[in-house]
Amino acid sequence: MTTHSVRWTPLSDTAALTGRSLRHVLRSPDTIITTTVMPIMFMLLFVYVFGGAMEVGTDDYVDYLLPGILLITVASGIAYTAFRLFMDLQGGIFERFQSMPIARSAVLWAHVLTSLVANLVSLAVVVGVALLMGFRSSAGVLEWLAVLGLLVLFTLALTWLAVIPGLTAKSVDGASAFAYPLIFLPFLSSAFVPTETMPGPVRAFAENQPVTSIVDALRGLLDGQPVASDVLMATAWCVALLVASWVLATAVHRRKVRMGA
């Protein structure tokens, strides 16, 4: 085997397995539909039912709300990553791949990249619905690219986190249930109302958790405001979560492989 083939085998293996996972998603489009329904329902509920009572300093509540809804969309979508990985384990596909002459990391990366693609599609759908509801942005091309970059980092961080229950859960419900706290974490942040309106202990938690930093950065970028410090803080949170979840997930994966899955 040449050095060139060794260098590129992990990439080609990952590409092939990612194509397999994406084909499964395309054959079951209800996955993406399901992951977008709940965030869209939250957006409709808060804009048209509660929006008139919200004092957020902006005329269009949907403009204020959208960043938090985007994070909820990602948190909802990554539950399917854990589910798909768990089903591969239960169906014996995981062990079959491990016995083949392919890069072991390719199996996990295929699930991660599939999650990234599926979540980006869901996010695009949610933004489309928000536009129909009146969302407007003053962001330029660079700001939109920064928004995309933050959402990609956030999605990768949560996806690697989802790998852990996908590899360790004992049931389907256990594999996907871990996402529920992540879905509701934005409710204890600046996603729906300013943190200044919250009582002391809740405000302290909200102002010092990663979702608030990420939401504030996304909101400022979409509004075309100078938010360099917010973006740096949000990026730091996303990178820290990504590194921590990747380290834990790969450690669990190595242990699983040594034990013969």
Side-chain angles (χ1 to χ4, degrees), residues 6-22 24-25 35 71 74-120 149-185 208-211 213-214 233-261:
V6 170
R7 182 181 302 146
W8 288 101
T9 292
L11 294 179
S12 59
D13 292 343
T14 300
L17 293 178
T18 301
R20 164 189 172 269
S21 295
L22 287 173
H24 287 176
V25 172
T35 58
L71 298 192
V74 174
S76 177
I78 53 97
Y80 279 89
T81 301
F83 170 79
R84 285 190 294 265
L85 188 53
F86 176 82
M87 294 306 295
D88 275 357
L89 277 170
Q90 296 302 304
I93 300 297
F94 187 88
E95 294 91 335
R96 188 174 179 184
F97 284 149
Q98 295 301 325
S99 66
M100 295 171 65
I102 61 175
R104 290 182 174 180
S105 62
V107 177
L108 293 187
W109 273 107
H111 281 283
V112 169
L113 294 177
T114 298
S115 172
L116 180 61
V117 172
N119 275 289
L120 288 176
L150 280 176
L151 290 174
V152 167
L153 281 176
F154 184 72
T155 302
L156 288 174
L158 291 197
T159 299
W160 278 108
L161 190 62
V163 167
I164 299 171
L167 292 172
T168 59
K170 303 300 182 183
S171 66
V172 173
D173 292 337
S176 55
F178 88 102
Y180 297 149
L182 299 177
I183 292 171
F184 289 102
L185 193 58
N208 293 281
Q209 61 126 321
V211 170
S213 294
I214 300 169
M233 180 61 71
T235 302
W237 271 115
C238 288
V239 171
L241 290 170
L242 173 57
V243 171
S245 58
W246 175 77
V247 169
L248 288 172
T250 51
V252 171
H253 178 240
R254 284 195 297 268
R255 181 173 179 270
K256 200 79 173 176
V257 170
R258 284 198 303 268
M259 295 175 61

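Just the heavy atoms: all of them, side chains too, but no hydrogens, waters or symmetry mates, feed the values below.
Annotation: side chain of Leu85 is in contact with side chain of Leu167 (closest heavy-atom distance under 4.5 Å). Within the 4.5 Å cutoff, side-chain heavy atoms of Leu120 are placed close to those of Leu116. Side chains of Gln209 and Leu185 form a contact here, defined as non-hydrogen atoms less than 4.5 Å apart.
The side chain to side chain contact (heavy atoms under 4.5 Å, CB included) search around Leu248 returns Ile164, not counting sequence neighbours. Every residue meeting the ring-ring contact (aromatic ring centres under 6.0 Å, His included) condition with Phe184, not counting sequence neighbours, appears here in chain and number order: Phe187. Listed by chain and residue number, Leu153, Leu156, Ala157, Trp160 satisfy the side chain to side chain contact (heavy atoms under 4.5 Å, CB included) test with Leu242 (two or more places apart in sequence, or in another chain). Taking the side chain to side chain contact (heavy atoms under 4.5 Å, CB included) definition, one finds that Thr114 meets it with Thr18, Ser21, Leu22, Val25, Arg84, sequence neighbours left out. For Leu182, the side chain to side chain contact (heavy atoms under 4.5 Å, CB included) partners two or more places apart in sequence, or in a different chain, are Ala75, Ile78, Leu158, Leu161, Phe178.
Between Ala234 and Ser213 the shortest heavy-atom distance is CB-O, 3.7 Å. Contact record, Thr250 with Val247: OG1-O, 3.0 Å, taken as the closest heavy-atom pair. Thr81 approaches His111 most closely through the heavy-atom pair CG2-O, 4.2 Å. Contact between Thr159 and Thr155 at its shortest, heavy atoms only, is OG1-O, 2.6 Å.
Note: Ile214 CD1 to Cys238 SG = 3.5 Å, rounded to the nearest 0.5 Å. Note that the CG atom of Leu71 and the CZ atom of Phe154 stand 4.5 Å from one another [nearest 0.5 Å].
For residues 238-247, there are no side-chain hydrogen bond (donor to acceptor under 3.5 Å, both in side chains) pairs, not counting sequence neighbours.
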